[in-house]
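Given the structure is predicted, the values throughout are model-derived calculations rather than measurements. The first residue in the sequence is number 1, and the count goes up from there.
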Amino acid sequence: MRECINPAVVGSPAQSSTMSKSAQAAPHIASRLRCPQGSGLESLAPLVTSVEETPNPIPTTVSGNVPSWINGSFLRNGPAKFEFGNDRYVHWFDGMAMMHKFHIENGQVTYSSRFLRSDSYVQNSEKNRIVVSEFGTLAMPDPCKNIFARFFSRFQVPKTTDNASVNFVKYKGDYYVSTETNYMRRIDPQSLETKEKVDWSKFIAVNSATAHPHYDREGASYNMGNSYGKQGFFYTIIRVPPPDETAAKTDCADLSGAKVICSIPATEPRKPSYYHSFVMSENYIVFVEQPLKLDLLKFMLYRIQGKSFHKVMIWEPKNNTVFHLVNRHTGKRSEVKFQSAPMFALHQINAYEDNGFLVMDMCCGDDGELIGDFTLENVRRKSGEEMDKFYNALCRNLPRRYVLPLNVDEQTPLDQNLVTLSGCTATAVMTKSKEVFLTHEELHDDTLLQYGGLEFPQINYAQYNCRPYRYFYSCGFGHVFSDSLLKMDVNTKELKVWRYPGLYPSEPVFVASPGATEEDDGVVLSVIITPRKEKSTFLLVLDAKTFTELGRAEVPVNIPYGTHGVFNEMG
């Protein structure tokens with residue numbers, strides 16, 4: 001019998017007011033220590049086990065009600081093959097990308113999946129061993145080579161992987177799957193067919209790009225990349241223009257017109273910051289330079305030393321976090337240096353401008369060593385004490401609000417809080433000329449802590465990205481992988497929860513109802529992994545307003561835990 005925490009309000013506006021004060025009173029306590037310790041946690045090995053693809057759509061078993069107005073495909077991405085021959089990947093991120101498609105039409109759902117036919121996947125399959133290095137796994141020299149050839153192969157520049165297992169992204173009307181290298185793969189969103197490999201550096205002077213672009217209302221895409229050379233290491237802001245009239249006539253990748261609108265020099269050129277996403281509002285982009293660093297010297301030597309890429313990432317909390325403010329229309333950088341205490345963030349929630357202030361909401365933690373910990377050995381630990389020990393050492397990310405004053409000049413007073421937004425407890429204090437120190441507001445009350453913090457935030461992006469908003473949806477992390485779905489009201493800090501023991505949801509994606517006039521009028525989609533039961537993963541459909549279950553579509557195949565996804569609406 002399943003023990004259900006009924007999807008309901010678990011905090012009230014009155015409670016939120018009181019509890020948020022206690023949450024705000026102890027920002028110096030690490031987020032990991034503020035959440036309850038795990039005890040008796042079950043093994044997650046089934047969530048990171050290789051599966052077979054399902055290239056031809058198969059029917060699902062629908063129970064409840066999948067609204068008939070939903071018309072499109074829920075596309076998901078993530079690692080799904082963790083070995084070739086006798087070779088095994090080390091890190092969860094390393095698994096070969098599999099694309100999943102839940103096609104929804106007239107209340108019915110079909111499922112299909114395909115491995116991305118990346119060069120990495122094809123070459124590994126042909127050799128039946130790992131021949132391309134990934135984030136946490138170093139490809140070893142060909143055992144058929146003689147000892148001298150194997151030795152000198154360690155000094156060769158390693159191939160960059162095109163195993164794009166992180167997200168579906170869109171540029172000029174085309175879908176791509178993306179990771180954090182310079183390579184993407186164009187995808188047919190209907191058949192999940194792998195098309196051509198796209199190298200960012202062939203279109204624009206960058207060496208990589210994130211898997212989390214932003215989109216403006218005119219159809220242009222924005223992203224962050226790296227560039228490095230004799231002049232140093234730079235964080236680059238990229239703009240790709242909207243699709244033009246010729247886009248529909250050509251069946252090929254098109255990033256023409258892409259340009260760098262700003263280059264930001266790294267504070268430490270030999271130790272640039274790692275970043276997974278960035279902040280965008282109506283008129284600004286903010287790059288968050290955090291103290292999770294890439295040691296470039298180690299990076300150059302890692303192959304010789306036999307170390308994988310994740311070993312070159314270091315957490316340096318002696319450094320503050322720096323917020324670089326850039327006008328996204330002109331590319332001009334602010335001369336003001338905005339800083340905060342050290343923190344770690346993977347994903348932003350939303351950002352908007354309000355009466356001369358830039359409000360930024362993000363999922364933040366106090367320990368940036370999180371990423372390297374997700375080795376397959378760790379996430380496959382046995383139930384009980386072993387798994388508890390791993391989980392309890394992990395960072396917990398919590399929603400925070402930072403506020404940047406946009407009108408700082410020589411007349412701005414020193415040593416006083418510049419944030420005058422009603423009801424906002426975030427602060428910004430100019431400590432000396434053109435330097436402003438920020439402290440955050442907690443966007444939650446203590447109720448959230450019992451769910452282990454949250455990640456994978458999503459909003460009603462089409463209507464509220466870069467605008468004042470009220471709701472976001474996310475995953476709660478009462479386990480190493482998410483074990484609940486959450487809806488947060490950022491005004492009242494009220495929380496709604498969907499949670500069943502033994503069920504592990506994916507990132508929630510919001511789909512608006514036709515003609516919706518309210519922010520949360522629609523549904524939330526999530527794929528629920530069921531490790532206690534074979535071949536019973538299901539697509540969950542929640543009413544976004546009440547956060548109660550409308551229906552589910554059960555899939556008769558196993559699906560591993562994934563990363564990100566999108567809803568591709570059909571005409």
- Note on the structure: Between the CG atom in N77 and the CD atom in E507, the distance rounded to the nearest 0.5 Å is 11.0 Å
- Query: Shortest non-hydrogen contact from P317 to W315?
  - Reply: CD-O, 3.3 Å
- Say you draw a straight line from SG of C35 to CD of Q450; how long is it, rounded to the nearest 0.5 Å? 10.0 Å
- Task: I would like to know whether S340 and F323 meet side-chain contact (heavy atoms from CB on, under 4.5 Å); could you show each step before the answer?
- Result: CA-CA 8 Å; S340 77; F323 299 84; 3.5 Å; yes
- Query: For N86 and F84, what are the C-alpha separation, side-chain angles and deciding distance, and is it a side-chain contact (heavy atoms from CB on, under 4.5 Å)?
  - Reply: CA-CA 6 Å; N86 294 324; F84 285 93; over 6 Å; no
- Task: Determine, stepwise, if the pair L542 / V523 fulfils side-chain contact (heavy atoms from CB on, under 4.5 Å).
- Result: CA-CA 5 Å; L542 295 177; V523 298; over 6 Å; no
- Message: Less than 4.0 angstrom from a charged side-chain N to a carboxylate O is my criterion; do E386 and K389 meet it?
- Response: no
- Electrostatic pair R499:D483 at N-O distance under 4.0 angstrom: yes
- Could you tell me whether R32 and D366 have a side-chain N and a carboxylate O separated by less than 4.0 Å? no
- Task: Evaluate the side-chain proximity of Y111 to H100: yes if any heavy-atom separation is below 4.5 Å, no if none is.
- Result: yes
- No-hydrogen, no-angle side-chain donor-acceptor test under 3.5 Å, S277 and H347: no
- Would you check if E441 and Y402 make a side-chain contact, meaning some heavy-atom pair closer than 4.5 Å? no
- Task: Might you work through the ring-ring contact (aromatic ring centres under 6.0 Å, His included) test for Y121 and F115, ending with a clear yes or no?
- Result: CA-CA 8 Å; Y121 177 87; F115 280 110; 5.3 Å; yes
- Heavy-atom closest contact (F472 atom, P399 atom, distance): CZ-CB, 4.0 Å
- Query: Salt bridge between E494 and K496, side-chain N to carboxylate O under 4.0 Å?
  - Reply: yes
- Task: Assign the ring pair F390 / F374 to parallel, tilted or perpendicular, where the plane angle (0 to 90°) is split at 30° and 60°.
- Result: perpendicular
- Note on the structure: Sequence neighbours excluded, the answer for side-chain hydrogen bond (donor to acceptor under 3.5 Å, both in side chains) partners of N167 is none
When the side chains of residues 63-70 are checked against the rest of the protein, which donor-acceptor pairs come out under 3.5 Å, sequence neighbours left out?
none

- Item | Over all atoms of both residues, closest heavy-atom pair of F344 and D367 | CD2-O, 4.0 Å
- Message: Would you compute the distance between atom CG of L540 and atom CG of L485 and round it to the nearest 0.5 angstrom?
- Response: 6.5 Å
- Message: Can you confirm whether Y175 sits close enough to N568 that some side-chain heavy atom of one is under 4.5 Å from a side-chain heavy atom of the other?
- Response: yes
- Taken in chain and number order and not counting sequence neighbours, the residues that satisfy side chain to side chain contact (heavy atoms under 4.5 Å, CB included) with E52 are none
- Does any non-hydrogen side-chain atom of K293 lie less than 4.5 Å from one of Y274? no
- Item | T161 and S120: side chain donor to acceptor below 3.5 Å | yes
- Item | Approximate separation, where rounding is to 0.5 Å, of R470 CZ and I459 CD1 | 15.0 Å
- Query: Is it true that a side-chain atom of S273 and a backbone atom of Q290 form a donor plus acceptor pair closer than 3.5 Å?
  - Reply: yes
- Query: Can the ring centroids of F135 and F93 be said to lie less than 6.0 angstrom from one another?
  - Reply: yes
- Return yes when atom CD of Q190 has more than 12 non-hydrogen atoms of other residues, nucleotides or ligands closer than 6.0 Å, and no otherwise. yes
- Checking R380 against F82: charged group under 6.0 Å from the ring centre and within 45 degrees of the axis? yes
- Item | Intermediate values then yes/no, salt bridge (charged side-chain N to carboxylate O under 4.0 Å, His left out), E442 and R401 | CA-CA 6 Å; E442 301 280 11; R401 172 166 290 177; over 6 Å; no
- Query: Is E193 salt-bridged to R117, going by a charged N under 4.0 Å from an acidic O?
  - Reply: no
- Note on the structure: To the nearest 0.5 Å, atom CH2 of W498 lies from atom CD of E549 at 6.5 Å
- Message: Could you check whether R552 makes a cation-pi contact with F538, meaning its NZ or CZ is under 6.0 Å from the centre of the six-membered ring and within 45° of the ring axis?
- Response: yes
- Query: Going by atom types alone, do N397 and E455 pair a side-chain donor with an acceptor below 3.5 Å?
  - Reply: yes
- Query: Does a side-chain heavy-atom distance below 4.5 Å link T537 with V527?
  - Reply: yes
- Polar side chain donor-acceptor pair, N465 to Y461, under 3.5 angstrom: yes
- Item | Under-4.0 Å salt bridge between K487 and D520 | yes
- Query: Does the gap between the ring centers of F278 and H214 come in under 6.0 Å?
  - Reply: yes
- Salt-bridge contact R400-D361 (side-chain N to carboxylate O under 4.0 Å): no
- Message: Is the distance from the ring center of F567 to that of F74 below 6.0 Å?
- Response: no
- Message: Determine whether T49 and N558 satisfy the following criterion, side-chain contact (heavy atoms from CB on, under 4.5 Å), listing intermediate values before the conclusion.
- Response: CA-CA 9 Å; T49 299; N558 289 328; over 6 Å; no
- Message: Is the shortest side-chain heavy-atom distance between N392 and L394 below 4.5 Å?
- Response: no
- Query: Which atoms form the tightest heavy-atom contact between A544 and F510, and what is the distance?
  - Reply: CB-CE1, 3.6 Å
- Will you find, in the side chains of D94 and T137, an N or O donor that is under 3.5 Å from an N or O acceptor? yes
- Taking atom types as modelled and ignoring hydrogens, do the side chains of Y504 and T530 form a donor-acceptor contact shorter than 3.5 angstrom? no
- Query: What's the shortest heavy-atom distance between T210 and Y275, and which atoms?
  - Reply: CG2-CE1, 3.5 Å
- Using only heavy-atom distances, determine whether the side chains of E134 and H91 contain a donor-acceptor pair under 3.5 Å. no
- Item | T375 and D373, any side-chain heavy atoms less than 4.5 Å apart | no
- Item | Smallest separation among heavy atoms of M343 and C364, with atom names | SD-SG, 3.9 Å
- Query: Would you say the side chain of K81 lies within less than 4.5 Å of the side chain of P79, judging by non-hydrogen atoms?
  - Reply: no
- Task: With rounding to the nearest 0.5 Å, note down the distance linking CG in D388 to CD in E42.
- Result: 11.5 Å
